[in-house]
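A short write-up of the structure that comes next.
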Amino acid sequence: MKLAIVQMDIAFGDPETNRSNAKKYIEKAVKKDSELVLLPELWTTGYDLSRFEEIAETLDGPTHQMIRELAREHNVTIAGSIAERDGGHFYNTFVVYDPNGERILNYRKVHLFRLMNEEKFLHSGNAKGNFNLGGVKAAGVICYDIRFPEWMRTHMLDGSKALFVVAEWPKPRVDHWRTLLISRAIENQCFVIACNRIGSDADNTFGGHSIIIDPWGNIVAEAGGDEEILYGEVDFEDVEAIRKQIPIFQDRRPGLYE
């Protein structure tokens with residue numbers, strides 16, 4: 001599968017500008033025959049959490065309509081996390097739209113990050129992020145989630161071959177970002193495809209280094225600290241061969257892990 005990871009800056013609290021920028025990136029990516037385009041965490045709003053009453057949207061809102069139409073028009077899968085409004089509650093929600101424009105995942109971030117005040121404004125999700133990517137089992141999670149290896153393993157127990165991660169990971173801890181993602185790939189013998197934003201808001205500077213990692217922990221492709229599209233190609237069939245070589249899923253003893 002040909003991947004395009006959009007490592008973009010995000011205009012703080014300005015969905016219209018961000019939609020316009022993302023559309024340009026998506027249209028650029030599909031010209032390279034990309035089959036999946038991954039956008040970062042909260043790419044329409046950034047962490048303007050105090051204004052979610054104004055700028056968050058339902059799953060039928062204008063951002064979702066735009067992504068649905070672009071996915072259909074270009075026959076591409078598009079994914080990323082968007083500020084969701086559901087009644088009086090707000091969520092950080094990872095959505096995936098398939099090439100038919102059908103939403104095949106809406107995962108609400110489970111682990112809320114206190115250092116960026118998520119718990120003050122958002123509700124956490126309570127369901128896994130597994131989905132079917134054109135016949136390949138996969139999963140999607142958001143940023144802080146990757147610090148919880150038991151949650152990542154839970155997603156892999158159905159045979160998922162890829163873990164998609166979207167983030168606004170701060171630059172001072174970008175070494176953690178890379179190390180955690182490589183570890184998640186090795187311990188779950190899966191591809192990790194991760195998109196982090198760049199740029200700054202009033203409180204944070206973000207680290208970029210979006211990355212594609214294979215099931216051995218090797219880096220397939222990695223971005224730097226600038227705005228760019230990171231391209232890469234993966235073969236999900238590689239996962240089965242590696243899992244047969246070192247059968248960690250068969251050798252687990254979950255009865256001892258309680």
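- Ser81 places a side-chain N or O within 3.5 Å of a backbone atom of Leu42 that can act as its donor or acceptor partner.
- For the side chain to side chain donor-acceptor pair (under 3.5 Å) with Asn92, the lone residue among Glu168, His123, Glu41 that qualifies is Glu41.
- At distances below 3.5 Å, at least one donor-acceptor pair connects side-chain atoms of Gln189 with backbone N or O atoms of Ile246.
- In terms of modelled atom types and a separation under 3.5 Å, the side chain of Ser20 and the main chain of Glu16 share no donor-acceptor contact.
- A donor-acceptor pair under 3.5 Å is formed between the side chain of Arg184 and the backbone N or O of Ile146.
- The aromatic rings of Phe191 and Phe236 sit perpendicular to each other, their planes meeting at more than 60°, with 30° as the lower class boundary.
- The minimum heavy-atom distance between Ser160 and Ala139, with the atom names listed, is OG-N, 4.4 Å.
- Atoms OH and CD1, on Tyr91 and Ile142 in that order, are 13.0 Å from each other to the nearest 0.5 Å.
- To the nearest 0.5 Å, atom CD1 of residue Ile10 and atom CG of residue Asp201 are 9.0 Å apart.
- Ser50 places a side-chain heavy atom less than 4.5 Å from the side chain of Asp48.
- In terms of modelled atom types and a separation under 3.5 Å, the side chain of Lys137 and the main chain of Asp158 share a donor-acceptor contact.
- The pair Asp86-Arg108 meets the salt-bridge criterion, with a side-chain N (NZ, NE, NH1 or NH2) lying under 4.0 Å from an Asp/Glu carboxylate O.
- Asn204 places no side-chain N or O within donor-acceptor distance of the main-chain N or O of Pro170, the cut-off being under 3.5 Å.
- When only modelled atom types and interatomic distance are considered, Glu227 and Tyr25 share a side-chain donor-acceptor pair under 3.5 Å.
- Within the 4.5 Å cutoff, no side-chain heavy atoms of Arg19 are placed close to those of Lys23.
- Between the OG1 atom of Thr63 and the CD1 atom of Ile82 there is a distance of 5.5 Å, given to the nearest 0.5 Å.
- The closest side-chain heavy-atom distance from Met156 to Phe249 is below 4.5 Å.
- Put simply, the side chain of Trp43 never gets that close to the backbone of Gly80: no donor and acceptor are under 3.5 Å apart.
- Taken from CD1 in Ile212 to CG in Leu181, the straight-line distance is 12.0 Å, to the nearest 0.5 Å.
- The heavy-atom pair separating Ala162 from Ile193 by the smallest distance is CB-CD1, 4.2 Å.
- Rounding to the nearest 0.5 Å gives a distance of 13.0 Å between CD of Gln245 and CD of Glu240.
- In summary, of the residues considered (Val6, Asn18, Ile5), a side-chain contact (heavy atoms from CB on, under 4.5 Å) with Leu39 occurs for Val6 alone.
- Gln7 places no side-chain N or O within donor-acceptor distance of the main-chain N or O of Ala223, the cut-off being under 3.5 Å.
- In this structure, CZ on Arg197 lies 11.0 Å from SG on Cys143, to the nearest 0.5 angstrom.
- Here the side chains of Leu122 and Lys109 are not in contact, with every heavy-atom distance at 4.5 Å or above.
- The shortest side-chain heavy-atom distance between Phe164 and Leu133 falls under the 4.5 Å cut-off.
- Without hydrogens or angle criteria, Arg243 side chain to Lys161 main chain gives no donor-acceptor distance under 3.5 Å.
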Quiz item: Can you list the steps and then say if Arg252 with Tyr257 is a side-chain contact (heavy atoms from CB on, under 4.5 Å)?
Solution: CA-CA 9 Å; Arg252 294 177 70 248; Tyr257 305 157; 3.9 Å; yes
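- Relative ring orientation between His111 and Tyr144 is described as perpendicular, the plane-to-plane angle rising above 60° on a 0-90° scale split at 30° and 60°.
- Remark: the backbone N or O of Asn100 is paired with a side-chain donor or acceptor of Asp98 at under 3.5 angstrom.
- No option in Asn130, Thr93, Asp145 other than Asp145 meets the side chain to side chain donor-acceptor pair (under 3.5 Å) test with Tyr107.
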